[in-house]
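In what follows, a single structure is set out as structure tokens and then discussed.
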Amino acid sequence: MKTPICDFVNAYGDSGAVRLHMPGHKGVSRLGCESRDITEIGGADMLYRSGGIIRESEDNAAALFGTARTVYSAEGSSLCIRGMLYLAMQATGRRTFWAGRNAHSTFVTACALLDAEVEWLWGGDTLTACGVTAEQLHQRLHKTAEKPAAVYVTSPDYLGNVLDIAAIAEVCHRHGVLLLVDNAHGAYLRFLPEDKHPISLGADLCCDSAHKTLPVLTGGAYLHISPAAAELGEQAEHAMSLFASTSPSYLILQSLDACNAYLNDGFSADVAACCEEVQELKDALSAHGYTLVGDEPLKITVATKGYGYTGDAVAAYLEKRSIVCEFADPDYLVMMFAPCNAKEDFDRVETVLCGLEKQKPLSEAAPKMPKPQVKTSLREALFASAEVLPLSACVGRVLASPTVSCPPAVPVLVGGEVVDESAAAVFRYYGYETLRVVKE
Ligand SMILES: Cc1ncc(COP(=O)(O)O)c(C=O)c1O
């Protein structure tokens, strides 16, 4: 597969051209990557008015992912999420989303900025997981005359739980509703021996953070449009351009472009081998007494309390031994693997984790997620005058904007909701000391 963006930048570097355009480093090296860091000069195409090398590269990505249109983002899935919501609102003329409550904070702030409403789908009592089911959706869609602009779910979630996207898509389409999937953690799902990518399973639109699971620089992501929703592709660049920088990083674009060649040739075999290594490690950890949760084949999520530690404590133990994990909280430790991990990485994790002495299980459970009272819309709360107060002073107050720690950037409460005692307990449990609340 050709890599037109990389080829263009290579040829430009070799040409010895005098750079009288941005960026100001003029290709002179401080970090080592400057000569490849160009801007939208003649021949380099334009990210959201594409028709040259970028479009050619995006078409390669679309062929690889089986989409009607794939548009690049140099600003993560966060940008794609704003674009997706705009596309669904514009296409349907509706402004309400039905969304799994474990949505990333970008979804929440995008709704506030777009003046969209959210009706939450609840599916469990934990912060990061939300087990939305096809049956639950069917019951709700069946009873509702006013359909949403789209159903919006997160799969895989931060802990590696994967929803039944095929069944959820079938229900959405039976009721004439678009399905949008936050697949930030699942770009690689397309390349598993059994293709499990949301677009292949029936989602209409989805975002993938290429940088999270593929060998792509941080910030590289895709907005995918399915063949069934192909007409939305015409507006996709416009949708992204509403929220994007006018100076996209060509380093990131080259990284996405170079990745296409690997996805086309070699990645599927490498990912299958990596899944086997991960499964072997999962088996070894389970056999040693660890409790694992989640169903993602490249992620290992340990529910650490059964082993006698908080997730944070195990993460600190690993970090002291130069093993740095993706995420930890009081209950979980999340390790993300990819084909670029060496065989020794797996051995080392097994040796170090199995070297940790099992202790008496910790019994403190995470407090139940609150079902909060809603006082104002997301937008009203976001634009209201606000103040940051210690958590103890926030009980009874209305949250102004989601206060999140990243990762996992899943809000306990969203703007407009009342901080009651049960919400305060959850905030306290996850270590929040202050909140941004609406001024009284
Ligand atoms: C579930 C989920 N969605 C969206 C995002 C945002 O992705 P990005 O960092 O690529 O903008 C993240 C980031 O961690 C995420 O975990």
Side-chain angles (χ1 to χ4, degrees), residues 47 61 70-86 97 99-113 118 120-121 123-124 126-132 150-163 165 179-189 197-198 203 205-224 239-240 243-245 248-249 251-253 255-256 259 294-296 298-299 301 324-329 332-336 338 402-412 414 430:
L47 181 54
T70 289
V71 177
Y72 287 158
S73 163
E75 295 165 73
S77 280
S78 300
L79 172 59
C80 305
I81 289 169
R82 295 179 199 113
M84 284 205 288
L85 299 189
Y86 170 81
F97 291 94
R101 179 65 184 198
N102 62 342
H104 188 267
S105 64
T106 297
F107 168 79
V108 178
T109 50
C111 285
L113 296 172
V118 184
W120 294 108
L121 303 168
T126 63
L127 176 66
T128 24
C130 181
V132 175
V151 165
Y152 180 98
V153 295
T154 302
S155 175
D157 65 27
Y158 227 101
L159 302 182
N161 300 299
V162 179
L163 298 177
I165 295 296
L179 175 63
L180 277 44
V181 178
D182 175 342
N183 182 50
H185 290 246
Y188 74 96
L189 295 173
H197 193 272
L205 300 176
C206 91
C207 63
D208 299 356
S209 294
H211 67 92
K212 291 195 198 299
T213 59
L214 303 179
V216 167
L217 292 180
T218 297
Y222 312 107
L223 170 63
H224 295 302
M240 297 286 269
F243 309 102
S245 166
S249 161
L251 292 175
I252 295 174
L253 297 179
S255 181
L256 287 162
C259 186
D295 5 67
E296 243 198 274
L298 287 187
K299 205 176 247 173
T301 303
V324 182
C325 296
E326 168 59 26
F327 167 65
D329 73 5
Y332 300 108
L333 173 82
V334 176
M335 296 177 278
M336 290 175 75
T403 313
V404 289
S405 60
C406 190
V410 177
V412 175
V414 302
Y430 288 109

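The structure presented is a predicted model; accordingly, all values stated were derived computationally and were not measured. Counting starts at 1 for both ligands and their atoms, in listed order.
In terms of polar-atom proximity, defined here as any N/O pair under 3.5 Å, Ser78 does make such a contact with ligand 1.
Contact annotation: for Ser77 versus ligand 1, heavy atoms closer than 4.0 Å belong to both the backbone and the side chain. Only side-chain heavy atoms of Thr154 come within less than 4.0 Å of ligand 1; its backbone N, CA, C and O stay farther off.
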Quick one, Asn183 with His224, criterion side-chain hydrogen bond (donor to acceptor under 3.5 Å, both in side chains). Give me CA distance, side-chain angles, the key distance, then yes/no.
CA-CA 10 Å; Asn183 182 50; His224 295 302; over 6 Å; no

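Residue His211 approaches ligand 1 through these ligand atoms, each under 4.0 Å from one of its heavy atoms: 8 (P), 9 (O), 10 (O). Every atom of ligand 1 is numbered from 1 in the order shown, and the set under 4.0 Å from a heavy atom of Ser209 is 7 (O), 8 (P), 10 (O). The ligand atoms of ligand 1 that sit less than 4.0 angstrom from a heavy atom of Tyr158 are 14 (O), 16 (O).
Looking from atom 1 (C) of ligand 1 to the surrounding protein, the closest heavy atom is Asp182 OD2, 3.5 Å. Closest to atom 14 (O) of ligand 1, if we only count protein heavy atoms, is Lys212 NZ, 2.8 Å. Scanning the protein for heavy atoms near atom 15 (C) of ligand 1, the closest one is His104 CD2, 3.3 Å. For atom 16 (O) of ligand 1, the closest non-hydrogen atom on the protein side is His185 NE2, 2.8 Å.
Counting only distance, with no hydrogens or angles, the side chain of Thr301 and the backbone of Leu159 share a donor-acceptor pair below 3.5 Å.
Note: Leu256 CG to Leu251 CG = 11.5 Å, rounded to the nearest 0.5 Å. Here the CG atom belonging to Leu47 is positioned 8.5 Å from the CD atom belonging to Glu75, to the nearest 0.5 angstrom.
Both the sub-6.0 Å distance and the 45° axial angle are satisfied by Lys299 relative to the ring of Tyr158.
Inter-residue side-chain proximity for Leu85 and Cys111 is flagged as met; some heavy-atom pair is nearer than 4.5 Å. Put simply, the side chain of Leu179 reaches to within 4.5 Å of the side chain of Ile165, judged on heavy atoms.
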